[in-house]
Every structure is written in C-alpha cells, then in structure tokens.
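FYI, the numbering just counts along the sequence from 1. Counting starts at 1 for both ligands and their atoms, in listed order.
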Amino acid sequence: MSSQIIDGPAGLDRLPQERRVVTEIPGPRSRELQERRAAAVAPGVSSVLPVYVVDAGGGVVVDADGNSLIDFGSGIAVTNVGNANPRVAERVAAQAGRFTHTCFMVAPYESYVAVCEALNRLTPGDHEKRTFLVNSGAEAVENAVKVARYATGRQAVVVFDHGYHGRTLLTMTLTAKNMPYKHGFGPYAPEVYRMPMAYPFRWPGGPENCGPEAAEQAIDQITKRIGAGNVAAVVIEPIQGEGGFVVPPDGFLTAIAAFCRDNGILFVADEVQTGFARTGDLFACEHEGVVPDIITTAKGIAGGMPLAAVTGRADVLDTVHPGGLGGTYGGNPVSCEAALAVLDEIENGKLVERARGIGEIMLPRLRALAGRHDVIGDVRGRGAMTAIELVRPGTKEPDPGLTSRVARRCHESGLLVLTAGTYGNVLRFLPPLVIPEHLLLEGLDVLDEAFAAL
Ligand SMILES: *Cc1c(COP(=O)(O)O)cnc(C)c1O
C-alpha cells in the first residue's frame, strides 16, 4: 500500500497512530464507568470490550485511561473512512449549524436526493433505480421485504443458514442464530424459510462441491417446500457477516440469482456489512457481477451517523403507493451530509484499492499463522473483511472458549478484535480502510503473540 494514501485526507495527524497500553484493560476509569453503567443501562445491551472511548481516528481508539488500541473492528464495519474523518466531521458540523431535521416527509432537502442519486449510480447494475433512506440496517432489510411483497403480491421470504439481518421482529426472524438474537423473543414473523448456505469449510460434501451442491439444495427446497411462485424475495448477504464471514464459492450467488430471475423472485442482497469498499469492491456483489433487484446498505454508508438505504429496480420500487414507505428520521439531513462526504472519501482516498491492499497483507499473514497453529481450521475473507475459524486440532469441532481467550488476550495487549459465527468460534478483522500500514502489521503481530502465548 502506498504511503501517499496513508498521509491522505483521513486526518491521521490529529491522533498519534500508535498502540499504547498504559493501564490494565479495562483501566480504572473505564471500570468506574462500567459500574455506573451497570446501575443505569439495561444489561441486554452488551459490549465486546468495556473500555470507554474518548477519541478515535485513523487506525486507533483511545480510552478514558489513555490507552490507544489498534482498531480491527471499525465499530462493526462502520467507520470504513476512519473515525471522525475530517471531511465527514466538517460536513456534519456545517449541516448541524443550518438545520438538523425537517422530516423528509414534511419538507424535503437536496442532500437526501443527492444520496439517492449516488446510490442509484454506484450500486451494481446500470438499469433505472430508485432509493429511499431509513435509519438502520434492520430497517432497510425490513423495508426491502415490504417492497418485495408489495411488488410481487407474494408472501414467502427465503433466507439462509448462518444469516444475520437485524434485531427487529421481522429481521430477527430472518436471522439464523438463536442465542443471543432470538432467544425468548418469539413468536417470530410468518412466511420465512431458511435454506442451506454454501459454507465451504463446513460443507459435508467438501469445499470443492459446496457451491453447486448448496445452490441445488436451496433451489430444490424452494421449489418443493414453498413453491417458487409463492416466494417474494430471497434475502442473502453476499459474504455473511455475523455468521462468521462465510464466503460462498463463486457460482453459488449467480446460481441463486439466476433461479430468482427465472421465477419472478426478487433477489435482495443485504450489503449492510459488506458495502462501501469493505471487500475490495464498492459492493461485494460486484465480485461475480451479480446484479441484485434490491440492495440494502447501512453500516459503512455515513461514517457512523445513523443512515441506511433501500435501492432497487425502478419498476419494483415504483409500485408502492405514496406514503407507504418512510419514517420520522429516515434520511436525516446530518446523516445525508455524512454519507456524501463518505462517498467522496471512498473515491478520493482510493479506499476500494486500499481494502484490497489490506486483504493482500492480511490473508497471507493469517494463512502463515494457521500453518503454525492447528487450532486455526480456516482462513477466509475478501479485502478488509477477513476471519479465522478456531477448532479443536485435527477436527472441525468449534472452539468458542479458545476464541474468546484469544480475543481477550488481544484486547489486553491493545488490539480491538471482534468474534463472530454461529458457533462463536470465529475471530473477524475489520480495520478501518484508512489504517496506517504499520498499525495493520503491528495488529497482526499482537494476534501472533496471542496465539503463541495460548
Ligand atoms: C448489522 C447488520 C444488519 C443490521 O443493521 P443494524 O443497523 O444493526 O440494524 C443487517 N444485515 C447485516 C448483513 C448486518 O451486518
């Protein structure tokens, strides 16, 4: 990766780009705040690492005790352009000084339209598109299903094993994993059907047969169990996020998309986590040239300001009656300014290329690590979305205990990493795309040491 990008517009000069551990982690100040939190905040909301943040930018997060942690999480793939990216901060501040809200459904403003224009232009496919804006990934997916049902007049929705689509009633139903997302929160929404996912590492017939076999099984089950003519939409993450960065083999998504096209089913790509340059393409669907009928985006869209979008074929989106879609805050003007700054930054900072560069550094290092430690069963990912899956040596039996011990060890050494996966045995890495190369390498060294120590 060239250093000219590192010194570019991401504002890396504001905060020292260094790992610095000056107390235990979490330190005394964070522990104090954690006690206050326990008395005030509902415990159902948990934190990966309870260090209380006072500053963040480039490749670091700084806590209340003065520790500077290398950020391999980006707030779950959100701060792709870097935290408090100066362009984002500038436009947010300027907009906050003009007006913070009118409600687009009451009196509109230009930035909302500009974000929709940009998404129509940048998302896969050169057909005519429409977009509308909401607040969160879950809200985007939920709305995509509403639109798909409206446009097709059908009810069934197909999702996949290990999929994650959010925490609202419908999107929790679309989500695969019981604990913690669904447990005790039923009854779930009706007309949701789950299919086998092309998960190469765990495919019974072996990784080489995974793509075609998984597609065949999904198509067979849709046809036999639901009836293709009853299906409004297939909703799928092109690379699964919370499910453990499961990358389906080439050919799987294209086979599902072709089946959808042949049967009048809308193919909905949930790119909430994979979007906005994360995987080394602006959107992960581009990797195989898959053109979704509807695409949902959020996370990386606005540098952390709450915003999400539903973008789709004009003939699909145009069916819904005026007033059928929307929400009080959807497309908030401050968030829209942030999104416009993010899109500029992705282009000007060459962040698609940077995401690829990050993958080119990380994947070989992770494979070398797997060569030294037989607890690493699989290394996978694309661009700046990479992961390792931990198992008991010589088996595919998940080892979530070891996974959390490695994560904790990294945290204590000043590296913020996240876990994922249906079995809780995946370490996933989502550095900001503007992370300086020396921090990326140092983060990998910390991971190396954590494995060596355990
Ligand atoms: C995070 C995520 C969601 C939910 O987004 P929220 O903003 O948390 O509601 C939906 N789909 C995918 C793929 C996600 O990663």
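The pair Glu389-Arg202 meets the salt-bridge criterion, with a side-chain N (NZ, NE, NH1 or NH2) lying under 4.0 Å from an Asp/Glu carboxylate O. Salt-bridge annotation for Arg313 and Asp318: absent, with no side-chain N of the basic residue lying under 4.0 Å from a carboxylate O of the acidic one.
Residue contacts with ligand 1, taken as heavy atom pairs separated by less than 4.0 Å, involve Ser136 via backbone and side-chain atoms alike. Residue Glu271 does not touch ligand 1, judged by heavy-atom distances below 4.0 Å.
Side-chain contact between Thr131 and Val115 is absent, with no heavy atoms from C-beta onward closer than 4.5 Å. Side-chain atoms of Met385 and Leu430, non-hydrogen and from C-beta on, do get closer than 4.5 Å to each other.
For ligand 1, the polar-atom distance check finds an N/O of Asp270 within less than 3.5 Å of one of the ligand's N/O atoms. On a distance-only criterion, Gln273 and ligand 1 share at least one N/O pair closer than 3.5 Å. Here's the thing with Gly137: one of its N/O atoms is less than 3.5 angstrom from an N/O atom of ligand 1. The N/O atoms of Glu237, backbone and side chain alike, include none that comes under 3.5 Å of an N/O atom in ligand 1.
Distance remark: protein heavy atom present below 4.0 angstrom from atom 5 (O) of ligand 1.
Within 6.0 Å of CD on Glu213 lie more than 12 heavy atoms contributed by other residues, nucleotides or ligands.
Within the listing of ligand 1, atoms 1 (C), 2 (C), 3 (C), 14 (C), 15 (O) sit less than 4.0 angstrom from a heavy atom of Lys299. Applying the 4.0 Å criterion to heavy atoms of Ala138 picks out, from ligand 1, the atoms 4 (C), 5 (O), 6 (P), 9 (O).
Aromatic ring orientation, Phe104 versus Tyr112: parallel (interplanar angle below 30°, classes split at 30° and 60°).
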May I have the list of side-chain donor-acceptor pairs in residues 237-250 shorter than 3.5 Å, sequence neighbours left out?
{"residue": "Glu237", "atom": "OE1", "partner": "Gly241", "partner atom": "N", "Å": "2.9"}
{"residue": "Glu237", "atom": "OE2", "partner": "Tyr164", "partner atom": "N", "Å": "2.9"}
{"residue": "Gln240", "atom": "NE2", "partner": "Asp161", "partner atom": "O", "Å": "2.9"}
{"residue": "Glu242", "atom": "OE1", "partner": "Arg428", "partner atom": "NH2", "Å": "2.9"}
{"residue": "Glu242", "atom": "OE2", "partner": "Gln273", "partner atom": "NE2", "Å": "3.0"}
{"residue": "Glu242", "atom": "OE2", "partner": "Arg428", "partner atom": "NH1", "Å": "3.0"}
{"residue": "Glu242", "atom": "OE2", "partner": "Arg428", "partner atom": "NH2", "Å": "3.4"}
{"residue": "Asp250", "atom": "OD1", "partner": "His287", "partner atom": "NE2", "Å": "3.2"}

